[in-house]
Amino acid sequence: MTVTKIDKTQLKVGMFVEAIEGTWHNSSTLGRRFTIRSGHEIDIILNSNISGVFINTALGRNTSGSSLPSGAKNIANATKQDRFETATKIQGHAAETKSLIVDIFEGRAVTVEAFTPLIDDVARTMEENPSLYIGMSRLRSRDNATFVHSLSVAALLLHFSRSLQMDEETVQHLCVAGLLHDIGKLSIPKQVLQKQGPLNAAERSIVEQHPGLGYELLSTNLNMPTLVLQICRSHHERLDGKGYPDRLQADAISKEVRMSTICDVFDALTSARSYKKGWSSQQALSWMMCREEQFDKGLMWQFVLSLDPEMTKGIL
């Protein structure tokens, strides 16, 4: 075990706190051994009576930011067994995602509670290997692209919302929203949806109908949470009002929808297709950070901080 004492002002997201020097007093939020998951947790420590922090660099990030969070593995450094196990998990999760989405699309009664086992398993797998799970999910076939994309967006939203310490009900609803946000694409002709190459204007107009179609479909389910409906309809809206389908502008777009847009676009940019190579995480994040007319800049920074340090080199 490699333990190093640092000043509390040196704390960064991703560090594993092995012990503290001083007294917590009013902070029952964090334990004695934990991984720093957000800037909010750093603020708690900075505003406490703690005088020093002991970090375990074998389990988390060090002062130079070169280590990975607890349990995480970079895809390049993952063993074949790691890759195989994670790929198998993703295949299983994608199959469950497809089954639930198709059930809803075909009019069968599906409650939000039906998603709980899948969400819980995605959460466990993400906690064990977030960067590997995200990285392996970028590889997808043409036939299951929509379902793996939905799974990836759900996993990113789950990870992002927990890093922001959102309440568990909201986290669950965001994850369900990620799984269902593209359900309207099942109404789009396959020859358009699976076209190998850029869409022409007419084809793009057809694809842009999917948020409205999905919203109408999910609205027939009286038990569907409002947040899920909102994200399904509005995840392609932009802060400058140039999104679709409703041309909403900044004040009309909720924080949760803005989060879904970030996760949706990040996954789309970094995912490989048969006709294109996915961007690296760094390329995607750099591109997104330069588009304040489209993405919430504050949330973008928080999204970056929620990711594995290996995925954000050169950004922070």
Side-chain angles (χ1 to χ4, degrees), residues 1-78 123 126-135 155-166 171 259 262-263 266 270 280-290 295-316:
M1 182 169 68
T2 306
V3 177
T4 303
K5 181 182 177 182
I6 63 171
D7 187 82
K8 63 184 180 182
T9 59
Q10 294 178 278
L11 281 171
K12 296 178 181 178
V13 172
M15 288 183 170
F16 185 90
V17 176
E18 188 69 46
I20 60 170
E21 188 176 68
T23 308
W24 273 121
H25 285 308
N26 297 326
S27 186
S28 58
T29 307
L30 304 174
R32 286 283 176 173
R33 300 177 76 246
F34 55 92
T35 300
I36 298 290
R37 298 292 184 188
S38 68
H40 175 69
E41 292 181 353
I42 294 175
D43 288 339
I44 291 175
I45 296 172
L46 290 176
N47 294 323
S48 72
N49 291 322
I50 290 173
S51 53
V53 181
F54 294 88
I55 62 168
N56 187 334
T57 56
L59 296 177
R61 185 177 185 176
N62 62 28
T63 51
S64 65
S66 59
S67 295
L68 300 180
S70 177
K73 290 185 179 70
N74 180 292
I75 274 199
N77 298 326
M126 282 287 287
E127 286 170 3
E128 293 168 2
N129 261 318
S131 63
L132 187 57
Y133 192 92
I134 294 169
L156 285 166
L157 274 170
L158 185 147
H159 193 63
F160 189 13
S161 58
R162 284 191 170 165
S163 77
L164 297 178
Q165 298 186 318
M166 301 178 84
V171 171
M259 290 170 63
I262 289 170
C263 293
F266 176 75
T270 57
S280 70
S281 298
Q282 294 89 344
Q283 287 174 315
L285 292 170
S286 295
W287 184 87
M288 293 171 72
M289 290 291 281
C290 293
F295 307 105
D296 184 306
K297 189 67 172 285
L299 280 176
M300 273 301 308
W301 274 116
Q302 290 175 306
F303 180 66
V304 170
L305 289 171
S306 78
L307 297 174
D308 192 291
E310 287 293 312
M311 299 173 67
T312 59
K313 280 184 176 178
I315 305 295
L316 295 175

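Every heavy atom of this structure was used, including side-chain atoms; hydrogens, water molecules and symmetry mates were not.
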Engineer: What's the spacing between Glu21 CD and Asp7 CG if we round to 0.5 Å?
Structural biologist: 10.0 Å
Engineer: Quick check: closest heavy atoms across Phe295 and Met288, and the distance to 0.1 Å?
Structural biologist: CD1-O, 3.6 Å
Engineer: Give me the atom names and distance for the closest heavy-atom approach of Val17 to Ile20.
Structural biologist: CG1-CG2, 4.0 Å
Engineer: Could you state the interatomic distance from NZ (Lys12) to CG (Leu305), rounded to the nearest 0.5 Å?
Structural biologist: 11.0 Å
Engineer: Where is the tightest heavy-atom contact between Lys5 and Gly52, given as atom of each residue plus distance?
Structural biologist: CE-CA, 4.4 Å
Engineer: Say you draw a straight line from CG of Leu11 to CD1 of Ile45; how long is it, rounded to the nearest 0.5 Å?
Structural biologist: 5.0 Å
Engineer: Quick one: does Lys8's side chain have a donor or acceptor within less than 3.5 Å of a partner on Ser48's backbone?
Structural biologist: yes
Engineer: Over all heavy atoms of both residues, which pair between Ser306 and His159 is shortest? Give the atoms and the distance, please.
Structural biologist: O-NE2, 2.9 Å
Engineer: Please list, chain by chain and in numerical order, all residues satisfying side-chain contact (heavy atoms from CB on, under 4.5 Å) with Ala284, sequence neighbours excluded.
Structural biologist: Phe266, Leu269, Thr270, Trp279
Engineer: Are Met289 and Trp301 close enough, and set up right, to give a side-chain contact (heavy atoms from CB on, under 4.5 Å), and what steps lead you there?
Structural biologist: CA-CA 8 Å; Met289 290 291 281; Trp301 274 116; 3.0 Å; yes
Engineer: For the CG atom of Leu299 and the NZ atom of Lys297, what is their distance to the nearest 0.5 Å?
Structural biologist: 12.5 Å
Engineer: Given Val53, which partner from the list Thr4, Ile6, Thr9 fulfils the side-chain contact (heavy atoms from CB on, under 4.5 Å) test?
Structural biologist: Ile6
Engineer: Looking at Leu164, Asp296, Leu285, which hits side-chain contact (heavy atoms from CB on, under 4.5 Å) with Phe303?
Structural biologist: Leu285
Engineer: Roughly how far apart are Met259 CE and Phe160 CZ, rounded to 0.5 Å?
Structural biologist: 4.5 Å
Engineer: What distance separates Ile134 CD1 from Leu307 CG, expressed to the nearest 0.5 Å?
Structural biologist: 6.0 Å
